[in-house]
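Okay, so here's the structure we're looking at.
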Amino acid sequence: MSRPIFPTTLDHWAGATLAASFALLLGALAFQHVGGLPPCQMCYWQRYGHLAVLAFAWGALLPVATPARVALLALAGVALLATAGIGAYHAGVEWKWWQGPAGCSATSGVGKSLEELRRMVLGTKMVRCDEIPWSLLGLSMAGWNALISAALAAAALTGAWRCAARA
């Protein structure tokens, strides 16, 4: 049986999820390599969620049984929820609402983490999770990632729900 020339609804949802998450990763890499803004530990955690989204959304585009594809799209939505949650947590650390991980946001002086001490000895600059290197309209990159990833999660999960109802 041949596949239709135009993508099916499930292909549309999976492709849009894949493209949007890929665009967010490209944006983060551009900020890092072109803009000269090195990522902190929590920035990397957010990227891991997008890498999972790419894997799940790509799997949802494969020619396998529809229930498996719907499940993969739903998993992509859950991974987007996870990265949105990490982004919201990171934004809260930046806004000093709560303390972040000791490895990238500990206060100076006594009680430095092993990571901070290692970086001090090696002479490398620690990228702090509790500082905002860039913002737009009052939101940092972590805040924008949280909002955009939450919206993408809602779209991916809505698409999975609708496709499951049709299957």
Side-chain angles (χ1 to χ4, degrees), residues 7 11-61 72-109 111-160:
D11 286 339
H12 168 77
W13 288 109
T17 302
L18 179 74
S21 201
F22 185 69
L24 285 174
L25 273 174
L26 281 180
L29 290 170
F31 273 103
Q32 178 181 350
H33 296 290
V34 177
L37 297 173
C40 70
Q41 178 183 7
M42 293 174 68
C43 293
Y44 282 117
W45 295 350
Q46 293 169 76
R47 292 179 187 188
Y48 299 149
H50 286 291
L51 290 174
V53 172
L54 295 181
F56 291 135
W58 183 267
L61 289 169
L72 286 166
L73 180 59
L75 285 172
V78 170
L80 282 163
L81 280 178
T83 197
I86 295 168
Y89 173 67
H90 188 182
V93 169
E94 291 173 334
W95 293 328
K96 313 292 190 260
W97 290 349
W98 43 74
Q99 182 68 34
C104 66
S105 62
T107 58
S108 60
K112 289 192 180 290
S113 71
L114 289 175
E115 183 67 19
E116 285 180 302
L117 292 172
R118 183 183 66 81
R119 289 181 179 166
M120 284 175 55
V121 170
L122 296 175
T124 59
K125 184 178 184 262
M126 184 178 91
V127 179
R128 298 181 60 93
C129 297
D130 58 356
E131 294 176 354
I132 300 173
W134 178 91
S135 67
L136 176 66
L137 301 176
L139 281 179
S140 65
M141 285 185 278
W144 282 109
N145 182 55
L147 288 177
I148 295 168
S149 295
L152 291 174
L157 292 171
T158 299

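For Leu54 against Phe22, the heavy-atom pair with the smallest separation is CD2-N, 3.7 Å. Contact detail for Ala14 and Leu73: the closest heavy-atom pair is CA-CD1, 4.0 Å.
Between Phe56 and Thr17 there is no side-chain heavy-atom pair separated by less than 4.5 Å.
Trp58 CH2: 12 or fewer foreign heavy atoms inside a 6.0 Å radius.
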Only pairs under 3.5 Å count here: list side-chain donor-acceptor contacts from residues 76-90, not counting sequence neighbours, and write none if there are none.
{"unit_1": "Thr83", "atom_1": "OG1", "unit_2": "Gln46", "atom_2": "O", "d": "2.7"}
{"unit_1": "Tyr89", "atom_1": "OH", "unit_2": "Gln99", "atom_2": "O", "d": "3.3"}
{"unit_1": "His90", "atom_1": "ND1", "unit_2": "Gln46", "atom_2": "NE2", "d": "2.9"}
{"unit_1": "His90", "atom_1": "NE2", "unit_2": "Glu94", "atom_2": "OE2", "d": "3.4"}
{"unit_1": "His90", "atom_1": "NE2", "unit_2": "Cys129", "atom_2": "O", "d": "3.2"}

Side-chain donor-acceptor distances from residues 24-42 under 3.5 Å, at least two apart:
{"unit_1": "Gln32", "atom_1": "OE1", "unit_2": "Arg47", "atom_2": "NH1", "d": "2.8"}
{"unit_1": "Gln32", "atom_1": "OE1", "unit_2": "Arg47", "atom_2": "NH2", "d": "3.1"}

N/O donor-acceptor pairs under 3.5 Å from side chains in residues 148-159, not counting sequence neighbours:
{"unit_1": "Ser149", "atom_1": "OG", "unit_2": "His50", "atom_2": "NE2", "d": "3.4"}
{"unit_1": "Ser149", "atom_1": "OG", "unit_2": "Asn145", "atom_2": "O", "d": "2.9"}
{"unit_1": "Ser149", "atom_1": "OG", "unit_2": "Asn145", "atom_2": "OD1", "d": "3.0"}
{"unit_1": "Thr158", "atom_1": "OG1", "unit_2": "Ala154", "atom_2": "O", "d": "2.6"}

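Between Tyr48 and Tyr44, the ring planes lie parallel to each other; the angle is under 30°, not in the 30° to 60° tilted range.
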